[in-house]
Amino acid sequence: QVQLVESGGGWVQAGGSLRLSCAASGRTFSTYAMGWFRQAPGKEREFVSGISRSGGITGYADSVKGRFTISRDAAKITLYLQMNSLKPEDTAVYYCAARSGSTYYTATTQYTYWGQGTQVTVSS
């Protein structure tokens, strides 16, 4: 059993920055591929960014590419999502997810563990 907890969400104005963190409990998630997803009110949960088990391969949704950066710390204890140049359309609950495997996937169904989410609100 792996429990994921997100933090770092908040309220910012358009153009601002925010850094999200995801920590695991129960067991280390250093052997898992990881991903960030988000869900706005009335919409389906969508892929934001993913990172391979090794941390050597990353990917981003077209809507955030060039603005967001996913990373893992040196010990692979914590997952991060640096969000810059935030837009109102980035407003959503952001979720951290993990899967047992080497590669990340964009589909929510590929992930076994999920955090409870952290709210990100971007005002215009």
Side-chain angles (χ1 to χ4, degrees):
Q1 184 88 327
V2 175
Q3 183 175 341
L4 304 176
V5 180
E6 304 94 338
S7 62
W11 183 95
V12 297
Q13 287 191 301
S17 298
L18 213 56
R19 190 192 193 198
L20 305 184
S21 298
C22 173
S25 62
R27 63 178 295 177
T28 180
F29 62 125
S30 62
T31 60
Y32 298 86
M34 305 289 293
W36 285 100
F37 292 78
R38 67 187 182 187
Q39 186 168 25
K43 296 185 178 181
E44 295 184 353
R45 191 169 301 183
E46 65 176 3
F47 172 79
V48 175
S49 183
I51 188 167
S52 66
R53 183 173 62 194
S54 68
I57 302 173
T58 59
Y60 303 88
D62 289 340
S63 60
V64 306
K65 194 170 186 178
R67 299 187 296 118
F68 292 8
T69 302
I70 189 171
S71 64
R72 308 177 84 147
D73 63 6
K76 297 184 179 180
I77 297 173
T78 308
L79 177 72
Y80 302 98
L81 183 67
Q82 178 65 47
M83 305 185 293
N84 298 326
S85 302
L86 285 163
K87 304 175 181 179
E89 51 262 45
D90 293 320
T91 296
V93 175
Y94 283 69
Y95 298 89
C96 172
R99 66 177 301 277
S100 179
S102 60
T103 62
Y104 71 86
Y105 287 85
T106 60
T108 58
T109 55
Q110 292 290 334
Y111 293 81
T112 303
Y113 306 102
W114 293 85
Q116 294 186 43
T118 184
Q119 177 70 47
V120 172
T121 302
V122 185
S123 62
S124 60

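All of these numbers come straight from a predicted model, not from anything done at the bench.
- Here L81 contributes atom CG and S71 contributes atom OG; the two are 8.5 Å apart, rounded to the nearest 0.5 Å.
- Legend: residues meeting salt bridge (charged side-chain N to carboxylate O under 4.0 Å, His left out) with R67, ordered by chain and number and at least two apart, are D90.
- Exactly one of W36, F37, F47, Y105 qualifies for a ring pair (Phe, Tyr, Trp, His ring centres under 6.0 Å) with Y111. That residue is F37.
- Residues V48 and Y60 are members of one and the same hydrophobic cluster, defined by side-chain heavy-atom contacts under 4.5 angstrom among Ile, Leu, Val, Met, Phe, Trp and Tyr.
- Using a 4.5 Å heavy-atom cutoff, the side chains of Y95 and T108 are not in contact.
- Shortest non-hydrogen contact noted between L4 and A24 is CD2-CB, 3.8 Å.
- Among residues two or more places apart in sequence or in another chain, the side chain to side chain donor-acceptor pair (under 3.5 Å) test is passed with S100 by none.
- In terms of the ring pair (Phe, Tyr, Trp, His ring centres under 6.0 Å) criterion, Y94 has no residue partners (sequence neighbours excluded).
- Residues V93 and L86 do not share a hydrophobic cluster, defined by chaining ILVMFWY side chains whose heavy atoms lie under 4.5 Å apart.
- Annotation: side chain of V64 is in contact with side chain of R38 (closest heavy-atom distance under 4.5 Å).
- Taken to the nearest 0.5 Å, the SG atom of C96 stands 12.0 Å off from the OH atom of Y80.
- Following chains of ILVMFWY side-chain contacts shorter than 4.5 Å, one can reach V2 starting from L79, so the two form part of one hydrophobic cluster.
- I57 places a side-chain heavy atom less than 4.5 Å from the side chain of Y104.
- Closest heavy-atom contact between T78 and S21: CG2-CB, 4.2 Å.
- Listed by chain and residue number, nothing satisfies the side chain to side chain donor-acceptor pair (under 3.5 Å) test with T91 (two or more places apart in sequence, or in another chain).
- Residues passing the side chain to side chain contact (heavy atoms under 4.5 Å, CB included) test with S102 are R53, sequence neighbours excluded.
- Panel note: side chain R72, backbone S52; a donor-acceptor pair is recorded below 3.5 Å.
- The side chain to side chain donor-acceptor pair (under 3.5 Å) test applied to Q39 returns R45, not counting sequence neighbours.
- With sequence neighbours excluded, the residues forming a side chain to side chain contact (heavy atoms under 4.5 Å, CB included) with S123 are W11, Q13, listed by chain and number.
- Put simply, the side chain of L20 does not reach to within 4.5 Å of the side chain of E6, judged on heavy atoms.
- Q119 and A92 make their closest contact through NE2-O, 3.5 Å (heavy atoms, listed as atom of the first residue, atom of the second, distance).
- Every residue two or more places apart in sequence or in another chain was checked for a salt bridge (charged side-chain N to carboxylate O under 4.0 Å, His left out) with E89, and none qualifies.
- Separation of atoms CD1 (I70) and OG1 (T58) is listed at 7.5 Å; rounding is to 0.5 Å.
- Among residues two or more places apart in sequence or in another chain, the side chain to side chain donor-acceptor pair (under 3.5 Å) test is passed with Q82 by N84.
- Scanning all heavy atoms of the two residues, the minimum distance from S124 to P88 falls at CB-CG, 3.8 Å.
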